[in-house]
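Reviewing the structure listed below.
So you know, we letter chains A, B, ... as the sequences are listed, proteins then strands, and number each from 1.
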There are 2 protein chains.
Amino acid sequence: MPITLKDVALRAGVSRSAVSRTFTDGASVSEKMRRRVEKAAVELGYSPNALASSLTTGRTKLIGLVSNNFHNPIFLEVFDRFTRALQDKGLRPLLVNLTDETNPASSVQMLRQYSVDGVIVASSTLPPGFSKAFRDAGMPVVHAFGRPTSAPEVHVVGIDNIESGRMAARTLIARGYRDVGFLGGPKTATSTQDRLLGFLAEIATHPEIRVSHSFADAYSFDAGRKEMLRLLAENPAQAYFGGDDVLSIGALSAIGESYLSVPRDIGIIGLNDMEMAAWQNINLTTIRQPIRHIVSSSIELMTEMLKNPDRPPEARIFACEIVERGTLRPLKA
Amino acid sequence: MPITLKDVALRAGVSRSAVSRTFTDGASVSEKMRRRVEKAAVELGYSPNALASSLTTGRTKLIGLVSNNFHNPIFLEVFDRFTRALQDKGLRPLLVNLTDETNPASSVQMLRQYSVDGVIVASSTLPPGFSKAFRDAGMPVVHAFGRPTSAPEVHVVGIDNIESGRMAARTLIARGYRDVGFLGGPKTATSTQDRLLGFLAEIATHPEIRVSHSFADAYSFDAGRKEMLRLLAENPAQAYFGGDDVLSIGALSAIGESYLSVPRDIGIIGLNDMEMAAWQNINLTTIRQPIRHIVSSSIELMTEMLKNPDRPPEARIFACEIVERGTLRPLKA
DNA sequence: GCCAATTTTGCAACCGGTTGCAATTTGATG
DNA sequence: CATCAAATTGCAACCGGTTGCAAAATTGGC
């Protein structure tokens, strides 16, 4: 049914190689030949079969886009940016939704079967060894939103979560809060661990400040709300660093439901600066994660890897910045 | 580098066909042979190349998942469900992000090049002819969230937007609102057009009720907020049917920013019942679109199409239901 | 207009599988 | 143990392309 190379060759009265060559750039074809072939091709409505060509070229232009964050609204933006950026480079995202599993084996096999040219892992909660499995299977990998280390096993692009924890702490301290807490995401997420680490380390330089921490079950509204309700029932701190924005919004809801006011009674600072944080009826003060740069840098690394698969793994770390909105008491003048 | 069929055949000392057959079910292989081949396969770590086999079988198990809704949070849930459901059926989602374009040509070509087995278009805003283009190119198509008609050109799964417009109208009338408005999504979206149609039709049966309507630029928070601010500056109605939830939430924000109270001063009913509508600090009364069923039914239709591509197009329509929360005044007892 | 250098073209093998067909093996039956 | 049908296996062609190599065509220099 579909038109093949052979059909075009027949129609144009030339060899199959000639047709192939007019459709692969960099190949040697005369102008005359090209025109002749292209004429036949459009007449027949031919377009080359990318999969067949991948057999010999070894390139599919398919990129596995692997994530387990299908519940955090920030990831819609992440997927939007990734898919657009990939498309702009002529690459095609093959989406893998991990649901709960953190065992890469079946994803690795599946992506191998489809001969993807590379894999982008987009998650801040997967264990360190996860993305390594793809590399071990011989695929170029970039782990976006991963944990950067000085000697990464795969390319990692993200933020310095330790530093962002410190930043949150400094911000709270500067506002005069003397009793602060970390309302973290899931304890197993590397991002949570690192944010806590930085937060505590910074607070530790101020012995007069009281600090506490606890974890929500997930980066989600409900988990944040539930944990904040629990904290409110006990003896809450004056201000919290929420594990991320959606968690923080859940916490805000809990506070409102308890007839307390933000920032008057309790302060909250989130992390991500997702679209909703800017919604006027939420207006969350937060630490902006430069998603745009993380994505574009990941894509850049990926295209580099496609050219040179042996490029040694590298960590690219982007700075965050405070976005002042209405959920922390103002700086004292 | 990667292990091929031939390697396994060599190692097991059998023909290539034998290896192929042990990996395609339904093929005739003796137990002895199967064991022998499987042994060699695991020793070498072989897994068959799905793309190569697609060449002869004509099936790739790739499904194009096409959407232009990468800004409406409801679609994260949609993508989550679609990708999971596809994976469960052994199908692989090849994601296509349409950004702004409503011209299917390049997507059609791209998906043809990758020989996808079928295409799922997930969008409520694309023009009627869009998904038809995929079908014309010979691909099985299901348009999820499309406009159902009695004689659809492709399979359509979704809700009856006209009826949901009526439902919104009935709900507002039952609450005693006498001056109501439709705050629609983009004028070009089929979903907006139909919701308006139904809304007006129902109101028309109550001559005493005043009705007005206007459109936001997009199904987005900002568009909804902006339009509601505009309406508030003039002479707002008593209650609005918001084009969808995210739009309605934007409207809620505008109302709050204007120091008005919901539902005391103005009522809002949305449509979708996205996760955020249930957030306690939003608490939006809305019309639930049964996403779960729409997705599973779409997948079901798709798998049917894969078995029998000539299945005549069909429209599957799901009922919506009102979800009572806090943005409409209560029913009079 | 002739010859060498360069470019363009076609041949044929190959990428990693699948499958129709015929040959071989197996197993049941007499 | 011979016979025949059924099950299993291998051969070879094919899926839709690409590419090294040699033959053919073009170009430039004189």
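Nucleotide D:dG20 holds its P atom 10 Å from the CZ atom of A:Arg21, rounded to whole Å. Rounded to a whole Å, the CG atom of A:Leu55 is 14 Å from the C1' atom of C:dA13. To the nearest angstrom, C1' of D:dG10 lies 15 Å from CG of B:Leu10. For the pair B:Arg16 CZ and C:dG16 C1', the computed distance is 8 Å after rounding to whole Å. If you measure from atom CZ of A:Arg112 to atom P of C:dG16, you get 13 Å, rounded to the nearest angstrom. Here D:dT27 presents its C1' atom at 17 Å from CD of A:Glu31, a figure rounded to the nearest Å. Atom CG of A:Asp25 and atom C1' of D:dT18 are 14 Å apart (whole Å). Between B:Leu5 atom CG and D:dG10 atom P there is a gap of 12 Å when expressed in whole angstrom units.
Residues B:Lys32 and A:Pro48 each lie close to DNA chain D; by heavy-atom proximity, the contact nearer the 5' end of the strand is made by B:Lys32. Ranked by how close their nearest DNA chain C nucleotide is to the 5' end, B:Ala52 and B:Ala18 are led by B:Ala52.
Residues B:Arg34 and B:Glu38 form a side-chain contact, since some pair of their non-hydrogen atoms from C-beta on lies under 4.5 Å apart. Using a 4.5 Å heavy-atom cutoff, the side chains of B:Leu10 and B:Asp7 are not in contact.
At the heavy-atom level, B:Thr24 lies under 4.0 Å from the strands shown only through sugar-phosphate atoms. Backbone-only contact: B:Ser53 has heavy atoms under 4.0 Å from sugar-phosphate atoms and none from a base. Using a 4.0 Å heavy-atom distance criterion, B:Val19 is classed as making no nucleic acid contact.
Closest approach of A:Ile317 to A:Ile159, counting heavy atoms only: CG2-C, 3.9 Å.
Applying the 4.0 Å criterion to OP1 and OP2 of C:dG16, one finds that A:Tyr114 has every side-chain N and O outside that range. Between A:Ser15 and C:dG10 there is a side-chain polar atom (N or O) within less than 4.0 angstrom of OP1 or OP2. Taking only side-chain nitrogens and oxygens, B:Ser28 never comes nearer than 4.0 Å to OP1 or OP2 of D:dA7.
The only option from A:Ile120, A:Leu65, A:Thr83, A:Leu306 that meets the side-chain contact (heavy atoms from CB on, under 4.5 Å) definition with A:Leu91 turns out to be A:Leu306.
Taking the C1' atoms of five terminal pairs at each end of the helix from C:dG1-D:dC30 to C:dG30-D:dC1, the two resulting helix axes are inclined by 30°, rounded to 10°.
Aromatic pair B:Phe75/B:Phe145: ring centres closer than 6.0 Å.
Residues B:Arg316 and B:Ser297 have side chains that bring a donor and an acceptor to within less than 3.5 angstrom of each other. B:Arg92 and B:Gln87 are not linked by any side-chain donor-acceptor pair at a separation below 3.5 angstrom, with hydrogens and angles left out of the test.
Ionic pairing of B:Asp88 and B:Arg84 is not present here: no N-O contact between side-chain nitrogen and carboxylate oxygen is shorter than 4.0 angstrom.
Considering only the side chain of A:Thr4, D:dG16 comes nearest among D:dG16, C:dT9, D:dT18. Of the candidate nucleotides C:dC15, C:dT19, D:dG17, C:dT19 has the atom lying nearest to any side-chain atom of B:Ser20. For A:Thr57, whose side chain is taken as the heavy atoms from C-beta onward, the closest listed nucleotide among D:dG17, C:dG17, D:dT18 is D:dT18. Listed nucleotides: C:dG10, C:dT18, D:dT9. Nearest to the side chain of B:Ser30: D:dT9.
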